[in-house]
Amino acid sequence: MLLKDILYGVALSAVSGHTNIMINQIHFDSRRVEMDDVFVAIRGLTSDGHEFIAKAVESGVIAIVCEEFPELMVNGITYLKVENTNSALAIMAGNFYGNPSKNLKLVGVTGTNGKTTVTTLLYNLLKKAGYKVGLLSTIKVMVDTKEYPATHTTPDVMAINKYMSLMNEEGVEFCLMEVSSHGIHQKRTEGLHFTGAIFTNLSHDHLDYHKTFAAYRDTKKRLFDTLSKKAFALVNIDDKNGLVMLQNTPAKKLTYGLKSYADYRGQILEKQFDGQLLKIDDNEIWTKLIGDFNAYNLLAIYATAHLMGLDKMEVLRWVSELETVDGRFQYFISKNKIKAIVDYAHTPDALKNVLITINALRTGNENVITVVGCGGDRDKSKRPVMGHIASDLSDQAIFTSDNPRTEPPMEIIKAMETGVEPQNTKKILSIEDRRQAIKAACKLADSNDIILVAGKGHETYQETNGVRKDFDDYKELQEALASMDK
């Protein structure tokens, strides 16, 4: 493909060399470049691609895209200067793969919690409706029925366009995509053609990256600001940030909610551990998904499916058939009648919502035992808050490791302990080893008690000092309770 065609739409501030040349691939990782590739120098959090331009040249690249020309410029290589290489890469990736998002009905879902549930269940619903569907989520990537492993909530921009190109080849009509604040900030969604966007909610998360809540909120908002007039912007009106998302969007503005007047209105009529009865647009449906947060998720799914052209009554039927997503309030009951729940709740708001849901469903005669930790090398300010919530809303809380990464696990746990109020100190245990913490919870539980293991959900690994070892909360909980049932 000609370099000048790949650069279509990229604002170039300076050019040294020729653009009427054939290129092989685009890379932003200097370790992957080969002969006749283009290397795009990206400034990251821990490294700067500009430092690896010389290495890319040694590997045979034919062109360099950068924000600053290097001191040594090699003859025969084209150097292209741009204001922002992340933006340039996004446009180049789209051009390289033929801008595949234009051929899809692409819906982006953003918010602190609910992204994976909404995208995954929308994928499942549209499959039930007989469509070919694509999915880009935290858990997996789906090109209709073919599955690929997911590496990030929002993949890098080259991978996004590659997967969407494959979707085009497979005749996929709809694509559901999780859109993270990191992905927006790093321009991974720039140049994509969205049919619509959904805002679920906003709460404390990723402040290690964005520094302030306002910056985190405004980054999410950019997804809606860049929608076209033909697109729809659907927001949770019960979250005060929902209206913020709609402020400057040119898209059609729509709302959903359980408490406020909204375009799509829902109501919880009955709650049980095996599901809940909802009223959506004056129609009652029973769903297997539990909790207020899932009522919001299902309402967003219903609204989106309708906005994408599906019949309301058919959508309600498919909504009632949806099953929970792996690691999202996933539960079973042991032979000893202990209710065991695994949930991805790794933010204060998500943990609070899950525990409020559990406490609303309990009879009052059983204990709630929560196993929870906080990830290392991430937002430290939420650790005391998580400790406070777990100890305040549980009868017993066990603080443990949750992907400590490069931090000492006990330092993370001690930070969680600082959030525990004096009256709750007797309710907590701190056990560094996550497997032992889960076993301890099972030993403490009596018949009819409820165990919540929070934080990792669908993840099947534990990361410590750069090493990932197999670890699945759901399997660990099953095995620990099974050993007690014997």
Side-chain angles (χ1 to χ4, degrees), residues 9 87 90-91 94 99-112 114-115 118-119 121-123 125-126 131 133-137 153-154 157 160-161 164 167 172-202 214 216-257 260-266 281 296-310 312 315:
S87 293
I91 297 168
N99 293 299
S101 63
K102 286 184 176 180
N103 304 316
L104 298 166
K105 292 178 181 175
L106 173 62
V107 175
V109 183
T110 197
T112 305
K115 296 187 296 294
V118 172
T119 52
L121 294 186
L122 258 174
Y123 169 88
L125 186 150
L126 289 167
Y131 293 98
V133 193
L135 173 68
L136 296 168
S137 81
T153 300
T154 306
V157 72
I160 289 171
N161 281 278
M164 288 185 181
M167 291 176 196
V172 166
E173 183 174 351
F174 298 99
C175 178
L176 297 319
M177 177 180 180
E178 287 190 50
V179 181
S180 67
S181 57
H182 291 69
I184 298 170
H185 186 260
Q186 294 167 13
K187 315 290 186 183
R188 292 183 227 159
T189 56
E190 197 161 308
L192 298 180
H193 297 264
F194 286 95
T195 300
I198 304 167
F199 167 74
T200 58
N201 51 65
L202 205 66
Y216 175 48
R217 177 200 63 211
D218 292 345
T219 300
K220 296 278 190 186
K221 184 178 179 295
R222 272 159 45 188
L223 174 64
F224 296 86
D225 293 346
T226 56
L227 292 174
S228 73
K229 290 182 179 179
K230 294 180 179 179
F232 66 81
L234 176 68
V235 304
N236 175 1
I237 193 66
D238 291 341
D239 187 300
K240 63 183 180 181
N241 297 289
L243 289 177
V244 176
M245 300 297 144
L246 296 179
Q247 281 176 357
N248 302 313
T249 185
K252 183 179 180 181
K253 301 175 182 180
L254 296 151
T255 58
Y256 68 94
S260 312
Y261 176 80
D263 296 295
Y264 295 92
R265 180 77 196 278
D281 280 356
Y296 279 107
N297 292 336
L298 291 173
L299 196 52
I301 290 163
Y302 165 79
T304 304
H306 176 248
L307 289 168
M308 295 171 85
L310 278 67
K312 282 186 175 183
V315 172

Side-chain contact, heavy-atom cut-off 4.5 Å: [X] with [Y]?
X: Leu126; Y: Leu310; value: yes
X: Leu202; Y: Tyr216; value: yes
X: Met164; Y: Leu106; value: yes
X: Thr195; Y: Phe174; value: no
X: Tyr261; Y: Ile237; value: no
X: Leu121; Y: Asn297; value: no

For the residue pair [X] and [Y], what are the closest heavy atoms and their distance?
X: Leu122; Y: Ala305; result: CD2-N, 4.3 Å
X: Ala262; Y: Thr255; result: CA-OG1, 3.4 Å
X: Ala90; Y: Lys187; result: CB-O, 3.4 Å
X: Ser137; Y: Thr119; result: CB-OG1, 4.0 Å
X: Cys175; Y: Leu104; result: CB-CD1, 4.1 Å
X: Ala300; Y: Ile198; result: CB-CG2, 4.2 Å

Distance in Å, [X] [atom1] paired with [Y] [atom2], rounded so as to fall on 0.5 Å steps:
X: Ile91; Y: Asn99; atom1: CD1; atom2: CG; result: 9.5 Å
X: Asn241; Y: Lys221; atom1: CG; atom2: NZ; result: 11.5 Å
X: Arg217; Y: Lys240; atom1: CZ; atom2: NZ; result: 9.5 Å
X: Thr304; Y: Tyr264; atom1: OG1; atom2: OH; result: 8.5 Å
X: Ser180; Y: Leu223; atom1: OG; atom2: CG; result: 10.5 Å
X: Leu234; Y: Lys253; atom1: CG; atom2: NZ; result: 14.0 Å

- Going through the distances and angles, do Met177 and Thr189 end up as a side chain to side chain contact (heavy atoms under 4.5 Å, CB included)? CA-CA 10 Å; Met177 177 180 180; Thr189 56; 3.9 Å; yes

Return yes if some donor-acceptor pair links the side-chain N/O of [X] with the main-chain N/O of [Y] below 3.5 Å, else return no.
X: Lys115; Y: Gly111; answer: yes
X: Arg222; Y: Ile184; answer: yes
X: Asp238; Y: Ser260; answer: yes

- Distance only, no hydrogens: is a donor on one side chain within 3.5 Å (strictly under) of an acceptor on the other, for Tyr296 and Asp239? no

- Message: If you apply the rule side chain to side chain donor-acceptor pair (under 3.5 Å), what do you find for Asn236 with Thr200, and how did you get there?
- Response: CA-CA 6 Å; Asn236 175 1; Thr200 58; over 6 Å; no

Show which side-chain atoms of residues 242-252 pair as donor or acceptor with protein atoms under 3.5 Å away, not counting sequence neighbours.
from   : atom 1 : to     : atom 2 : distance (Å)
Thr249 : OG1    : Phe224 : O      : 2.7
Thr249 : OG1    : Ala251 : N      : 3.2

- With respect to Val118, which candidate in Val109, Leu298, Thr110, Leu176 satisfies the side chain to side chain contact (heavy atoms under 4.5 Å, CB included) definition?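 Single side chain to side chain contact (heavy atoms under 4.5 Å, CB included) partner of Val118 among Val109, Leu298, Thr110, Leu176: Val109.
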
- Message: Set out, in order, the CA-CA distance, both residues' side-chain angles and the distance that settles side chain to side chain contact (heavy atoms under 4.5 Å, CB included) for Thr226 and Phe194, then state yes or no.
- Response: CA-CA 9 Å; Thr226 56; Phe194 286 95; 5.9 Å; no

